[in-house]
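Let me begin by presenting the structure, written as structure tokens, before commenting on it.
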Amino acid sequence: SRFLSYGARVTPSPSDVSLFLDLNQFAQRTPWLHVPLELFATYGLGAFAGLLAVGWLLARRQSAARVAALVWAGVGTVLAVALNQPLVQLFHEARPYTNLHQILVLAQPTTDFGFPSDHATMAGAVTAGLFLVDPVLGSVSLVLAIIMAFARVYIAAHYPYDVLAGLAFGAAVVLLGHLVLRGPLTRLATKVADTPLRPLVTAAGAR
């Protein structure tokens, strides 16, 4: 167990702090969860990359529209995380371990700000994109996104509202972008299917 105390810098809302402290107390009572949740909070992004790869395999067997949705899921995720950076600097919210005393900290301390969470933004974006490709795959991603959000709070890397905002922001960027770009992207995927790059967008025997 690692307990840290730092001088306060930016204080989040009282309800956010209260919920964080409740979850931190839970973390202190569940040492058997420390290693798995710390590992997932740190390296779990790879699982979402794997889901995008599976989504690509499924989309190629379905339609150009699904391929377009999958492409946007990836591109939109990168865009969402990029757009999140100025928000993080704007809100300038300190991590829990910078302004709370005697809490359990499993996260590696950093000087970066925490609101909205980059990890949650990515998870929300991928999840929204995968729902556009395949509902079952999207559901799997949603479960992992919830675990990721919980894990980031559990290890004291974020307050609860940090991850909730990240999930919502990532999903919003991808869904709104898809509304605007699904037509052009679908036409592009259809055109690519008539070129030597066809295997990228269409599986053998797929329409």
Side-chain angles (χ1 to χ4, degrees), residues 40-88 91 114-153 157-158 160-207:
F40 189 75
T42 305
Y43 302 109
L45 297 182
F48 294 94
L51 289 177
L52 286 173
V54 174
W56 173 66
L57 295 175
L58 292 176
R60 289 171 65 243
R61 297 181 178 277
Q62 296 177 9
S63 66
R66 295 296 176 88
V67 172
L70 188 279
V71 170
W72 175 245
V75 174
T77 295
V78 173
L79 177 62
V81 174
L83 292 175
N84 194 53
Q85 299 309 302
L87 290 180
V88 170
F91 287 106
F115 181 90
S117 162
D118 281 334
H119 283 71
T121 296
M122 184 282 306
V126 171
T127 298
L130 288 177
F131 267 113
L132 299 173
V133 176
D134 181 84
V136 174
L137 200 58
S139 297
V140 172
S141 185
L142 177 59
V143 171
L144 292 181
I146 292 172
I147 296 173
M148 174 61 77
F150 176 80
R152 296 297 292 175
V153 178
H158 289 284
Y161 292 178
D162 298 352
V163 296
L164 291 176
L167 290 172
F169 181 70
V173 169
V174 168
L175 293 176
L176 291 175
H178 184 255
L179 286 176
V180 175
L181 297 173
R182 62 182 175 182
L185 287 176
T186 300
R187 290 191 291 273
L188 177 60
T190 301
K191 290 181 180 179
V192 171
D194 294 327
T195 73
L197 297 177
R198 175 183 173 84
L200 292 177
V201 299
T202 307
R207 293 181 294 176

List the steps and the verdict of side chain to side chain contact (heavy atoms under 4.5 Å, CB included) for Met148 and Leu45. CA-CA 9 Å; Met148 174 61 77; Leu45 297 182; 4.1 Å; yes
Considering all heavy atoms, the nearest His119-Thr42 contact: NE2-O, 4.5 Å
Point-to-point distance, once rounded to the nearest 0.5 Å, from CG of Leu142 to CD1 of Ile147: 10.0 Å
Heavy atoms only: give me the nearest Leu52-Leu70 pair and the separation to one decimal. O-CD2, 3.7 Å
In short, Ala41 meets Arg152 closest at the heavy-atom pair O-NH1, 3.2 Å
Which heavy-atom pair separates Ser117 from Ala120 by the least distance, and what is that distance? OG-N, 3.1 Å
Which pairs, with at least one residue in residues 172-184 and sequence neighbours excluded, count as a side chain to side chain donor-acceptor pair (under 3.5 Å)? none
Give every residue pair that meets the side chain to side chain donor-acceptor pair (under 3.5 Å) criterion with at least one member in residues 64-75, sequence neighbours excluded. Gln62-Arg66
Please list every donor-acceptor pair under 3.5 Å in which a side-chain atom of residues 122-131 meets a protein atom from a residue at least two apart or in another chain.
from   : atom 1 : to     : atom 2 : distance (Å)
Thr127 : OG1    : Ala123 : O      : 2.8
Thr127 : OG1    : Ser141 : O      : 3.3
Thr127 : OG1    : Ser141 : OG     : 2.7

Measure from the side-chain N and O atoms of Asn84 to the backbone N and O of Pro116, and report whether any donor-acceptor pair falls under 3.5 Å. yes
Can you give me the closest heavy-atom contact between Phe115 and Tyr161, atom names plus distance? CE1-O, 3.5 Å
Between CG on residue Leu79 and OG1 on residue Thr121, distance to nearest 0.5 Å: 11.5 Å
What closest approach, in Å, do Gly55 and Val133 show between heavy atoms, and which atom pair accounts for it? O-CG1, 3.8 Å
According to the interplanar angle, ranging from 0 to 90°, do the rings of Phe40 and Phe48 count as parallel (below 30°), tilted (30 to 60°) or perpendicular (above 60°)? tilted
Phe150 side, atom CZ; His158 side, atom NE2 - distance, nearest 0.5 Å: 14.5 Å
